[in-house]
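Data block below; observations after.
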Amino acid sequence: MKKLICALLALVPMAASAQEGLDSGDTAWIMTSTALVLFMSLPGLALFYGGLVRAKNVLSVLMQCFAIVCVVSVIWLVCGYSLAFAPGNGFIGGLSKAFFQGVTEGSMSGSIPETAFAMFQLTFAAITPALVVGGFAERMKFSAMLLFSVLWLLAVYLPVCHWVWAADGWLFKRGLLDFAGGTVVHITAGVAALVAAVVLGSRRGFMHTPMMPHNMTMTVTGAGMLWVGWFGFNGGSALTAGGNATMAILVTHLSAAAGAMMWSAIEWVKYGKPSALGIVTGMVAGLGTITPASGFVGPGGALVIGLAAGFVCFFATHGLKRVLKIDDSLDVFPVHGVGGMLGTFAAGIFASSSLGVFSGQGYAEGMDMGSQLGVQLLGIGATIAYTAVLTWGLLKLVGVLTGLRVNDEEETVGLDTTQHNERGYDLQTL
């Protein structure tokens with residue numbers, strides 16, 4: 001018995017050294033943030049989008065969001081995490097961490113286990129192609145959606161993620177400020193949704209037949225889940241449980257509230273009544289716009305960013321549909337894409353430490369507002385151009401392989417029945 005006890009005690013230093021540098025508070029916060037970001041996709045985004053489409057397509061949207069989370073999770077294990085974060089070149093990571101090689105219980109990423117970091121980043125990779133669904137909702141084949149999402153993750157999301165967040169990424173080295181995904185998530189998703197809307201064409205009856213959300217209760221419920229989950233999205237991106245995380249949460253909340261207020265105020269003046277759809281869309285605009293700036297700005301800057309998000313994204317939404325007549329079904333580009341661009345640019349301004357009550361954390365050594373804004377514009381432009389070209393090419397490829405769009409009869413009947421042989425609602429009168 002004595003020998004057994006001595007043997008067990010001898011293992012204690014080995015276990016401690018394997019987790020050397022681990023901070024339990026940071027780890028607990030990232031585990032919580034991971035759950036919050038997954039909650040944003042399932043059920044948050046799924047319900048938000050599901051309520052916005054017509055009743056005959058509600059299950060198709062829920063299914064698309066659910067399937068994307070599943071397939072992205074498997075790809076993340078096989079090669080996604082490695083291509084995004086393993087050492088490589090300025091454009092893409094290598095395959096040294098494919099199938100999570102070397103990602104063990106004891107491996108560390110800063111003060112947290114690498115498994116926690118990898119899982120947290122997985123949730124970002126999952127929600128980004130799910131956001132794109134809103135651009136082609138109610139008209140794309142399920143098989144085409146699945147193939148496109150896989151190819152888009154590999155060809156667009158992973159390289160841009162490496163550019164911005166990997167230590168050897170070319171935009172990371174230039175000092176781009178993107179705390180939680182203005183370029184990586186929102187610009188890529190927004191631009192991809194816009195390209196998809198153009199390539200697939202409008203829904204049958206667009207601009208002639210009313211296409212009102214079928215269940216605003218579902219949408220508002222999903223919006224509330226997104227708001228809560230965004231605290232993990234932005235606050236978790238600090239990767240610590242300290243002041244940077246709490247400030248990121250504070251500015252996230254303020255921007256969301258300001259964006260919602262601004263959108264509602266414009267509707268009230270313009271149409272005489274504020275709408276539930278308007279207030280939740282303004283909230284999402286505020287959340288998406290503060291995302292890249294959330295770890296760099298203070299409360300004053302967040303207020304300005306949120307108000308600007310509500311104003312700019314409102315008119316971008318109306319301009320895209322009514323002026324350009326592009327059927328981005330669920331307004332992904334004008335809310336997420338335009339918001340991501342605006343927020344990435346604004347980060348270069350409100351990160352300044354010399355703006356009084358609107359000051360942020362300050363610039364990196366050797367940077368001033370002019371040079372920082374130059375980097376921000378470079379990041380925005382490169383992300384837009386790369387995403388647009390690759391998305392267009394991938395859609396054309398998928399169109400050849402599987403066909404992109406359901407036929408007119410299937411679209412009229414609805415994707416729930418034609419793609420999944422189910423109905424979202426089967427209510428019987430007694």
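- Formation of a donor-acceptor pair under 3.5 Å by the T289 side chain with backbone atoms of G340 is not found in this model.
- Of all heavy-atom pairs between T27 and S111, the closest is OG1-O, 3.9 Å.
- In this structure, E411 pairs ionically with R405, as a charged nitrogen and a carboxylate oxygen lie closer than 4.0 Å.
- The neighbour count for W170 CH2, taken as heavy atoms of other residues, nucleotides or ligands under 6.0 Å away, is above 12.
- Across all non-hydrogen atoms, the minimal contact from M225 to P43 is SD-CG, 3.4 Å.
- Although no hydrogens or angles enter the test, the distance criterion places no donor-acceptor pair under 3.5 Å between the side chain of T344 and the main chain of M341.
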Would I112 and D23 count as a side-chain contact (heavy atoms from CB on, under 4.5 Å) if you check the C-alpha gap in whole Å, the side-chain angles of each, and the deciding distance to 0.1 Å? CA-CA 6 Å; I112 63 175; D23 186 297; over 6 Å; no
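- Between Q101 atom CD and S107 atom OG the span is 12.5 Å, to the nearest 0.5 Å.
- Contact annotation: the side chain of V58 approaches that of M218 to within less than 4.5 Å [non-hydrogen atoms, C-beta and beyond].
- With values rounded to the nearest 0.5 angstrom, I92 atom CD1 is found 9.0 Å from L154 atom CG.
- Using a distance-only test at 3.5 Å, with no hydrogens or angles considered, no donor-acceptor pair links the side chain of Q376 to the main chain of A346.
- No donor-acceptor pair closer than 3.5 Å links the side chain of N234 to the backbone N or O of S294.
- Proximity of a side-chain donor or acceptor of D416 to a complementary backbone N or O of L59 within less than 3.5 Å is detected.
- With sequence neighbours left out, the ring-ring contact (aromatic ring centres under 6.0 Å, His included) criterion links F296 to F179.
- Summarising the geometry of L47 relative to G222, their closest heavy-atom pair is CB-CA, 3.9 Å, with the distance given to 0.1 Å.
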Using side-chain contact (heavy atoms from CB on, under 4.5 Å), reason through I279 and M283 one step at a time and then give a plain yes or no. CA-CA 6 Å; I279 198 169; M283 177 214 72; over 6 Å; no
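- Exactly one of W230, F124, F333 qualifies for a ring-ring contact (aromatic ring centres under 6.0 Å, His included) with H186. That residue is W230.
- Residues V332 and V132 form no side-chain contact, since every pair of their non-hydrogen atoms from C-beta on lies 4.5 Å or further apart.
- With S149 contributing its side chain and I68 its backbone, the two residues share no donor-acceptor pair below 3.5 Å.
- A heavy-atom distance below 4.5 Å is not found between the side chains of W29 and T240.
- By the 4.5 Å heavy-atom criterion applied to side chains, L415 and H420 are not counted as neighbours.
- Crowding of M216 atom CE: a count of heavy atoms from other residues, nucleotides or ligands under 6.0 Å exceeding 12.
- Atom CE of M261 is surrounded by 12 or fewer heavy atoms from other residues, nucleotides or ligands within 6.0 Å.
- Taking CZ of R203 as the reference point, atom CZ of R54 lies at 5.5 Å (rounded to 0.5 Å).
- L226 CG to T221 OG1: the interatomic distance, rounded to the nearest 0.5 Å, is 11.0 Å.
- In terms of modelled atom types and a separation under 3.5 Å, the side chain of D168 and the main chain of G90 share no donor-acceptor contact.
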List the steps and the verdict of side-chain contact (heavy atoms from CB on, under 4.5 Å) for F85 and C161. CA-CA 8 Å; F85 291 103; C161 181; 3.6 Å; yes
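- In terms of heavy-atom proximity, A155 sits nearest to L394 at CB-CD1, 4.0 Å.
- Between the S109 side chain and the E114 main chain, no donor and acceptor come within less than 3.5 Å of each other.
- The ring-ring contact (aromatic ring centres under 6.0 Å, His included) test with W163 singles out one residue from Y157, Y386, F172, and that residue is Y386.
- Under a 3.5 Å cut-off, the side chain of T183 and the backbone N or O of I380 do not form any donor-acceptor pair.
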Please report the C-alpha distance between L38 and V69 in whole Å, then the side-chain angles of each, then the deciding distance to 0.1 Å, and finally whether the side-chain contact (heavy atoms from CB on, under 4.5 Å) criterion is met. CA-CA 9 Å; L38 182 59; V69 170; 4.0 Å; yes
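- Between T391 and F148, some side-chain heavy-atom pair lies under the 4.5 Å cut-off.
- Rounding to the nearest 0.5 Å places OG1 of T219 at 3.5 Å from CG of L52.
- The shortest heavy-atom contact between H208 and P210 is O-CD, 4.1 Å.
- Using a 4.5 Å heavy-atom threshold, the side chains of Q121 and W76 count as touching.
- Around CZ of F311, the count of heavy atoms belonging to other residues, nucleotides or ligands within 6.0 Å does not exceed 12.
- Inspection of the D331 and H336 side chains reveals no N or O donor paired with an N or O acceptor under 3.5 Å.
- Within a 6.0 Å radius of CZ in F66, no more than 12 heavy atoms belonging to other residues, nucleotides or ligands are found.
- V413 approaches T417 most closely through the heavy-atom pair CG1-CB, 4.0 Å.
- A 4.5 Å side-chain heavy-atom check between T252 and F233 finds every atom pair outside the cut-off.
- Although no hydrogens or angles enter the test, the distance criterion places a donor-acceptor pair under 3.5 Å between the side chain of T188 and the main chain of V185.
- How far CG of L146 is from CG of L151: 10.0 Å, rounded to the nearest 0.5 Å.
- Contact check for N407 versus T418: no side-chain heavy atoms found under the 4.5 Å cut-off.
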